[in-house]
Amino acid sequence: MDLGFCSFSSGSSGNCYLVKSDSTNILVEVGISCVKVFENIKLFRLTPSRLHGIVLSHEHWDHTRGLSRTIERTSHAVCYATKGTVEGAGKRARKLTPERLRIIHSGETFMIGDVEVSAFSLSHDAAEPTGFSFHRNGKKISIVTDTGCVTDEIREAIKDSDLLVVEANHEKNILLYGKYPYDVKRRILSDKGHLSNEAAAECICDFLKSFTKKRMPRVLLAHLSLENNTPQQAMLTVKNILEEHEYYVGKNLLLDTLEKGIVTDMIFL
Ligand SMILES: [Zn+2]
Ligand SMILES: [Zn+2]
């Protein structure tokens with residue numbers, strides 16, 4: 001195995017993923033409780049002392065909720081986040097002593113164990129949000145959630161990923177006619193909000209258009225809203241748009257959704 005990926009939870013109420021090689025284990029986001037994190041890593045025969053890094057995309061609660069306890073109870077995991085994210089996390093970042101924190105910048109590439117990580121900017125209503133790509137032995141995983149639009153920088157950063165985790169937050173019409181207050185709807189739909197199913201599909205089309213590797217890429221739809229989306233709806237909208245562009249699931253890509261509180265199998269690359 002060059003790289004492995006597993007989701008512990010994905011959605012507007014809590015996000016946490018595990019990216020690993022044989023010797024390095026990286027938690028991406030800690031939007032679930034520390035108890036859940038440790039329960040979940042145990043399923044993969046990992047102990048807290050074997051967590052090497054925690055990378056955070058931004059400070060929102062659904063990405064940092066379990067941060068301080070997880071840092072406290074792992075012996076040496078280092079947190080990688082931008083200055084804006086750390087400051088924005090406030091009390092939840094209080095256990096990040098200098099030796100347990102490495103401030104990163106978008107555009108930067110750094111190593112966590114034997115995994116190379118590159119950070120790129122997202123467009124979201126957070127202080128300094130970043131998405132991440134993970135590289136090892138020519139394999140690549142990219143995670144893009146919590147962005148209101150897909151910028152050229154994002155498109156370039158996710159190019160040729162073997163596994164792309166991309167936000168499909170809401171179905172536009174469900175959101176528009178739903179019960180959320182007008183200002184919340186406007187925030188979600190803005191350039192600094194979240195990607196709709198339609199926007200996710202367009203992002204995937206562009207990704208497939210520029211894909212140069214031989215093996216079929218895997219795409220996982222992530223950060224689905226419980227209120228304004230369902231896994232079935234996300235799959236339907238995305239598949240329809242892909243098919244309009246003559247991309248077919250099973251032929252050009254593998255497609256699936258990630259859900260809140262559902263621990264997936266480990267995907268090996
Ligand atoms: Zn989020
Ligand atoms: Zn957010």
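Counting convention: from 1, in listed order, for ligands and their atoms alike. All heavy atoms count here, side chains included; hydrogens, waters and symmetry mates do not. Along the sequence shown, residues carry numbers from 1.
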Check your understanding: At what distance, to the nearest 0.5 angstrom, does CD of E29 lie from CG of L67?
Key -> 10.5 Å
**Study point:** Residue from H63, H60, H223 passing ring-ring contact (aromatic ring centres under 6.0 Å, His included) with H124
**Key:** H60
Practice item. Applying side chain to side chain contact (heavy atoms under 4.5 Å, CB included), run through S121 and T151 and close with a yes or a no. Key: CA-CA 9 Å; S121 298; T151 60; over 6 Å; no
**Study point:** Qualifying residues under side chain to side chain donor-acceptor pair (under 3.5 Å), relative to N173, sequence neighbours excluded
**Key:** none
Check your understanding: Do R215 and D162 meet the salt-bridge criterion of a basic N to acidic O distance under 4.0 Å?
Key -> no
Review point. Would K36 and E39 pass as an ion pair if we require N to O under 4.0 Å?
Key: yes
Point to revise | Within-2.8 Å protein N/O/S contacts of the Zn ion (ligand 2) | key: H58 NE2, H60 ND1, H124 NE2, D146 OD2
